[in-house]
Amino acid sequence: MLGIVRRKVCAKGLPVTVPGETLRFFRPVVHALRNYSSAAKELTVREALNSALDEEMSADPKVFLMGEEVGEYQGAYKISKGLLDKYGPDRVLDTPITEAGFTGIGVGAAYYGLKPVVEFMTFNFSMQAIDHIINSAAKSNYMSAGQINVPIVFRGPNGAAAGVGAQHSQCYAAWYASCPGLKVLSPYSSEDARGLLKAAIRDPDPVVFLENELLYGESFPVSAEALDSSFCLPIGKAKIEREGKDVTITAFSKMVGHALKAADILAKDGISAEVINLRSIRPLDRATINASVRKTNRLVTVEEGFPQHGVGAEICTSVVEESFGYLDAPVERIAGADVPMPYAANLERMAVPQVEDIVRAAKRACYRSVPLAAAA
Amino acid sequence: MALVSRSSSAAAALLRPLSSAAANVSGIRHVTTDTTPITIETSVPFTAHNCEPPSRSVSTTTAELLTFFRQMSLMRRMEIAADSLYKSKLIRGFCHLYDGQEAVAVGMEAAITKSDCIITAYRDHCTFLCRGGTLLEVFAELMGRQAGCSKGKGGSMHFYRKKAGFYGGHGIVGAQVPLGCGLAFAQKYSKDETVTFALYGDGAANQGQLFEALNISALWDLPAILVCENNHYGMGTAEWRAAKSPAYYKRGDYVPGLKVDGMDALAVKQACKFAKEHALKNGPLILEMDTYRYHGHSMSDPGSTYRTRDEISGIRQERDPIERVRKLLLSLDVANEKELKDIEKEVRKEVDEAIAQAKESPMPEPSELFTNIYVKGLGAEAFGADRKEVRVILP
């Protein structure tokens, strides 16, 4: 724990993270002062991931990290900062820019019994290695009837960043989560990041761990329990970030933040939204989602990725299959636009879900396209 | 024809008594073998790239030569039997047969231990057998039965025997090479002083991931030995049509390489022994085994549309690996014609019995559809084709 509070610097409505420096800025929003009790520590997602890697490498000598720039550069996004110094070049390995080769090597090492953490600089580059993720890793335990298990973690930033264009902005949650044999996790908060990464590293199966570049610099309070080195979150369980009774909103990764903001806005209009942070895309916590929809009777799914055959489609179908009688409105899906990510800022804004999109969809689900005149 | 030389210390071997004196009732003479070292010259010298080739004189024993003969005969019979089973539709899907290439598997095994690792592609039945797998496991797996090495869930291309260092059995051409380099990485990381042999064909030799893995292996000094089983045809495409440079042992550039007569089990043994010593000290090495497959690429390929029958029969006559060892055994008077034929009969019987046993093995239980997806299922759900009908909780 660095004890340094990192603040988001907001510029023109787009959050910009400033890593590696100590900055103190006053947030120009209403809730300026935070009450720091001795129990509430704040951690950025970056620090959370770094500490999780550090602790798991310390606890188990079979865990090692490999990827581009993870060592001497301290990590392209500084997630692996300090690890090379601490664990040495035998356990923190800088690879050449050859995803197919080094991913295959990582999977082979996992076959032998080591526990590799393979970093993709972004998941866009995982496509170069996808044969190893699916055919060499995901399917091996099944094809070998349990002889060859693959305790590997593939991690890195997923989805859109800011202004990086079509080839660097795709969300891979739906693709990987459709594959039996893989586990797919996507943290939102720092507690998620710590608990889920530690669980992923300890898990004996291949895990795809989808982070988000724009979340790396965001700070979240973490409990003392979450800071403990034995802390772990269960894989396959969603978290109810905010309880509500009128409409269920599911989201993962960055979109959870958007959903929470949408819930704040909806509350002012008398709509109580329940926000579910999926945490785990595969296994998907259908039980929690369905229980919530049976309570609220309305559902809005939110994701950043392409809409067709997306995560929201699976969630919608699950609810239709298991809780059809409880739905009072059709399921609403908010997703990225059906376009390769454009560069121009205004077009980019239209290609990714915004808070107002979630609000609008929730209101549709509640049959409210105009605000209530007065509370009932 | 191999040149046979005897070391002076093995002079006693020349005076081996005929054990016909101990003839039993059936009149079968027991084949005489011992473990006194003898030296045999390989048929052709090794060709080296960026290294000094090993000597053509291979140390072996008559016991080892007989083991070669028996094992290769077993493999040959096994593959031919698999051909019949496939034609009678007891084996489905893909079936890639190894007959002709047996010397590579037996020669390699003779040079290494079960702590060394082997990984190969889909032409894996004989390699699996050499690593300690049984005929029953092979035939049962090919027929999709419970007694199969992958309990019927893998099929021809997915044989594994992790406890004996055999890591499969891979269907995607070339993928096994980076995986093999990963095994070597793990061996070095664990300080095991063992090596990995990653086998691939001339077709896979042009895969980009091979060069990516080789680059990393050379940079990190991994004990990885890349073995190109060059049977000269990638499916139906001859090597000269697929590779600008079919000198696969040179393709590693900065990585040393050795070209080996892959039809000579002793040459293979020598090369693998040399490679293991090299890899433990100096990092990766490429071995190119000049070999040949009698069957087509798979059972769907007659194997005669892109090569002539004369070529195939020519190799069978001039270079067959089993014939080579047979001639050697005869010339060393280890056994006579009849004894070797008897071994072949035994082997045939073993194969037939294993097939009969495999046919008795049941198909997997329906519940096996959902096992081994994960090590830890965490209580997740899995669904059948009709999810309202079939829903399972993974333990």
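Keep in mind the model is a prediction, meaning the values are calculated, not measured. Chain A is the first sequence line, chain B the second, and so forth, proteins listed ahead of strands; every chain is numbered from 1.
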Just checking, is any N or O donor in the side chain of A:Asn149 or A:Tyr111 under 3.5 Å from an acceptor N or O on the other one? no
Check this for me: A:Lys237, atom NZ, are more than 12 non-hydrogen atoms of other residues, nucleotides or ligands nearer than 6.0 Å? no
Can A:Asp205 and A:Asn141 be counted as having a side-chain donor-acceptor contact under 3.5 angstrom? no
For A:Asp285, is it the side chain, the backbone, both, or neither that has a heavy atom closer than 4.5 Å to a heavy atom of chain B? neither
Contact part of B:Ile373 toward chain A, heavy-atom cut-off under 4.5 Å: side chain, backbone, both or neither? both
For the residue pair B:Tyr122 and B:His297, does the interplanar ring angle fall in the parallel (under 30°), tilted (30 to 60°) or perpendicular (over 60°) class? perpendicular
Pick one of side chain, backbone, both or neither for B:Lys188, based on which atoms fall under 4.5 Å of a heavy atom in chain A. neither
Hey, is the main chain of B:Tyr160 close enough, under 3.5 Å, to the side chain of A:Gln147 for a donor-acceptor pair? yes
Surrounding CZ of B:Phe383 (heavy atoms of other residues, nucleotides or ligands, distance under 6.0 Å), is the total greater than 12? yes
Given the options A:Asn135, A:Thr103, A:Ile148, which has more heavy-atom pairs under 4.5 Å with chain B than any of the others? A:Ile148
Side chains of B:Tyr248 and B:Asn206: is there a donor and an acceptor less than 3.5 Å apart? no
Under 4.5 Å to a heavy atom of chain A? For B:His170 that would be side chain
Under 3.5 Å, is there a donor on one side chain and an acceptor on the other for A:His132 and A:Glu99? no
Heavy-atom cut-off 4.5 Å, strictly under: side chain, backbone, both or neither for B:Ser190 against chain A? side chain
Between B:Glu368 and chain A, which part of the residue has a heavy atom less than 4.5 Å away: side chain, backbone, both or neither? backbone
Under 4.5 Å from a heavy atom of chain B, the part of A:Pro61 involved: backbone
Chain A contact via B:Leu378 - which portion, at a heavy-atom distance below 4.5 Å: side chain
Checking heavy atoms, do the side chain of B:Tyr374, its backbone, both or neither come under 4.5 Å from chain A? both
How are the rings of B:Phe185 and A:Phe64 set to each other: parallel, tilted or perpendicular (split at 30° and 60°)? tilted
Please look at B:Leu219 and chain A and tell me whether the side chain, the backbone, both or neither of the residue comes under 4.5 angstrom of a heavy atom of that chain. side chain
At a heavy-atom distance under 4.5 Å, which candidate from B:His158, B:Glu141, B:Met157, B:Lys163 has the highest pair count against chain A? B:His158
Would you mind telling me which of A:Pro283, A:Ala287, A:Ser144 has the largest number of heavy-atom pairs within less than 4.5 Å of chain B? A:Ser144
In terms of side-chain heavy atoms, does B:Thr371 have a donor or acceptor partner in B:Lys153 at a distance below 3.5 Å? yes
Which one of A:Asp90, A:Leu182, A:Ile235 has the most heavy-atom pairs closer than 4.5 Å to chain B? A:Leu182
Contact winner vs chain A - B:Lys162, B:Lys151, B:Gln209, heavy-atom pairs under 4.5 Å: B:Lys162
Heavy-atom pairs under 4.5 Å with chain B - which of A:Lys139, A:Gln128, A:Arg91 has more of them than the others? A:Arg91
